[in-house]
Amino acid sequence: MSRNRVSFVCRECGHVEPKWLGRCPQCGQWNSLEERTQAAGGGGRGKGTSDTARGGRSTAEGQASIVRLSAVATDEHPRLPSGFDELDRVLGGGVTPGSSVLVGGEPGIGKSTLMLQCAGALAARGVLYVSGEESPHQIRRRADRIGVAGDRIQTLAGTGLSSVLHALESVKPAVCIVDSVQTLHDPEAGAVPGTVNQIRYCCYELADWARNHNTALFLVAHVTKEGVIAGPKVLEHMVDTVLYFEQSESDVRILRAVKNRFGATDEIGVFSMRERGLTQVSDPSSLFLVHRDGKLPAGVVAAPVYEGSRVLLVEIQALTVPAKGGVSRTFSDRIDSGRVSRVAAVLEKHAGIRFSDQDLYVNVAGGMRIAEVGVELPLAMALFSARTGRPLPEKATVTGELSLAGEVRPVPHLRRRVRAAHEFGFTHCFGPAAARDEAGGSENWTRISTVGECIAGLW
Ligand code: TYD
Ligand code: MG
């Protein structure tokens, strides 16, 4: 006799606890733990229990056969162009048939718009657009507004799993878009829609169908302000690609790959939300770099940063003001504030300039978030310039990582950074001497090895 095992699963993050708690220890959500019963023997049960979809796979798994790797048919299916070069690059070279892609973002950021525009570009191959959020009327109105012809796009306004699977069987589309996963439900996965179990079960079934029928599946998921995909965080390991749509400036949207089985992660695509939908921005530097006619103010440094597979030029801005009450604080939401404090400490120690009695404000023009190490030396120069009130020379740019000892460390893709800076009219680049002296024969490349040398070179 096997006894049923009971565990409690968080509705928000999927965390499992052996006993009920009022608050999830992982995500901090109150009253989110739900009872789940799992047969102790494991197999021998249908997918009808409330445990995840895998329970129903026993038959399929039983039939799995061993195949020699060289005998496995290679992927003959070419990638599909999504209609946006920016999206194709983030996906690793277009839409992969049979893959599943999670597109996360805050409500109102433009996920549905992006998906509908892709649907328009891929319509000739057959697209099924499943919407649990909007009626076909609303989708039609949006399609008209952004100029997407709806002839070859099939819509389905129900999100019951069986009706979606049924529609997939009858349409057999090349691309299926589900907007959003939070509205998917199936009675097999429990009575309440929107739970982790529901979302996980439905997405598993859909991704499985898509893989077996070479259909590319896009799953739209809402992300809360705190940045977690509510519930669908648990989907990340289940899909091939995870993209996050984030806002930088009012109309600028950045699509970031955080996981990709078919391409590089940390690749970004830049879009602009316009009157008639999203347009891609193939030259984001022109957007992020501030153009000034007059003199450069103090506290401003242009830096070539490496994002995804390309170099972008961004403007880093710093401001220092005397701290009230003598306690220094750092305000920076585009560059990690811990990094800002560390760079300020390095300057204080190795350039003899005091920051510990200052409040530090740091911004990146255009609102890009930058996590790349090459931003440290430009950040140091922006802080130094802000603190001393001395602007950088015109047409100068800086790149490099900073060690705690005040040394300038090499950064990847130096040559490409120098080239990109030159293309934007920066005639003087300051940065590390690369180990293999990557920047090569560039005459306007000033090689520096410490933060003090950089300050001496610039001023
Ligand atoms: P939407 O795609 O509905 O966002 P999501 O699906 O992520 O919730 O986009 C909604 C916002 O985009 C809304 O505020 C209006 C704006 N928008 C435009 O500015 N131009 C357009 O052409 C469209 C369709 C939407
Ligand atoms: Mg939407």
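Whatever order the structure lists ligands and atoms in, that order sets their numbers, starting from 1.
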**OP:** Within a distance under 4.0 Å of any heavy atom of P107, pick out the atoms of ligand 1 and give their elements.
**Re:** 8 (O)
**OP:** Look at ligand 1 and say whether G105 reaches it with a heavy atom at a distance under 4.0 Å.
**Re:** no
Original post:
For atom 22 (O) of ligand 1, which protein heavy atom lies nearest, and how many Å away is it?
Top reply: G277 N, 2.6 Å
Original post:
Can you find an N/O atom of G108 closer than 3.5 Å to an N/O atom of ligand 1?
Top reply: yes
**OP:** Just go through T113, L114, V103 and tell me whose heavy atom is the nearest to atom 2 (O) of ligand 1.
**Re:** T113
Subject >> contact_flag R274 ligand 1 heavy-atom lt 4.0 Å >> reply: yes
**OP:** Indicate if the distance from the Mg ion (ligand 2) to the nearest N, O or S atom of T113 falls below 2.8 Å.
**Re:** no
**OP:** Give a yes or no on whether a salt bridge exists between R141 and D144, defined as a side-chain N under 4.0 angstrom from a carboxylate O.
**Re:** no
**OP:** Anything under 30° is parallel, anything over 60° is perpendicular, the rest tilted; go ahead and classify Y306 against H413.
**Re:** parallel
Original post:
For ligand 1, which atoms sit closer than 4.0 Å to a heavy atom of R276?
Top reply: 22 (O)
Original post:
Going by atom types only, do T265 and N260 share a side-chain donor-acceptor pair under 3.5 Å?
Top reply: no
**OP:** Considering only NZ, NE, NH1 and NH2 on the basic side and carboxylate oxygens on the acidic side, decide whether R409 and E376 come within less than 4.0 Å.
**Re:** no
Subject >> Under-4.0 Å heavy-atom contact between protein and atom 10 (C) of ligand 1 >> reply: yes
Subject >> Within 6.0 Å of CZ in R140, more than 12 heavy atoms from elsewhere >> reply: no
**OP:** Salt-bridge test for E315 and R292: reply yes if a basic N is under 4.0 Å from a carboxylate O, no otherwise.
**Re:** yes
Subject >> ligand 1 atoms in contact with S112 (distance to a heavy atom under 4.0 Å) >> reply: 2 (O), 5 (P), 6 (O)
Original post:
For S82 and D88, does a side-chain donor sit closer than 3.5 Å to a side-chain acceptor?
Top reply: yes
Subject >> Distance-only N or O hit between ligand 1 and I146, under 3.5 Å >> reply: no
**OP:** State plainly whether the residues E423 and R310 are in salt-bridge range, i.e. N to O under 4.0 Å.
**Re:** no
**OP:** Number the atoms of ligand 1 from 1 as they appear, then name those within less than 4.0 Å of a heavy atom of R142, with their elements.
**Re:** 1 (P), 2 (O), 3 (O), 24 (C)
Original post:
Which of the numbered atoms in ligand 1 are below 4.0 angstrom from a heavy atom of E106?
Top reply: 7 (O)
Original post:
Do other residues, nucleotides or ligands put more than 12 heavy atoms under 6.0 Å from K395 NZ?
Top reply: no
**OP:** Decide whether an N or O pair under 3.5 Å exists between D179 and ligand 1.
**Re:** no
Subject >> Which residue and heavy atom of the protein sit nearest atom 15 (C) of ligand 1, plus the separation >> reply: R145 NH2, 4.9 Å
**OP:** Could you list which atoms of ligand 1 come closer than 4.0 Å to a heavy atom of G110?
**Re:** 1 (P), 2 (O), 4 (O), 5 (P), 7 (O), 9 (O)
Subject >> L156 side chain reached by V171 side chain, heavy atoms, under 4.5 Å >> reply: no
Original post:
Looking just at side-chain N and O atoms, do T113 and R142 make a donor-acceptor pair shorter than 3.5 Å?
Top reply: yes
Original post:
Could a heavy atom of E133 be found less than 4.0 Å from some atom of ligand 1?
Top reply: no
**OP:** Identify, for atom 16 (C) of ligand 1, the protein heavy atom at the shortest distance, and state residue, atom and that distance.
**Re:** M273 CE, 4.1 Å
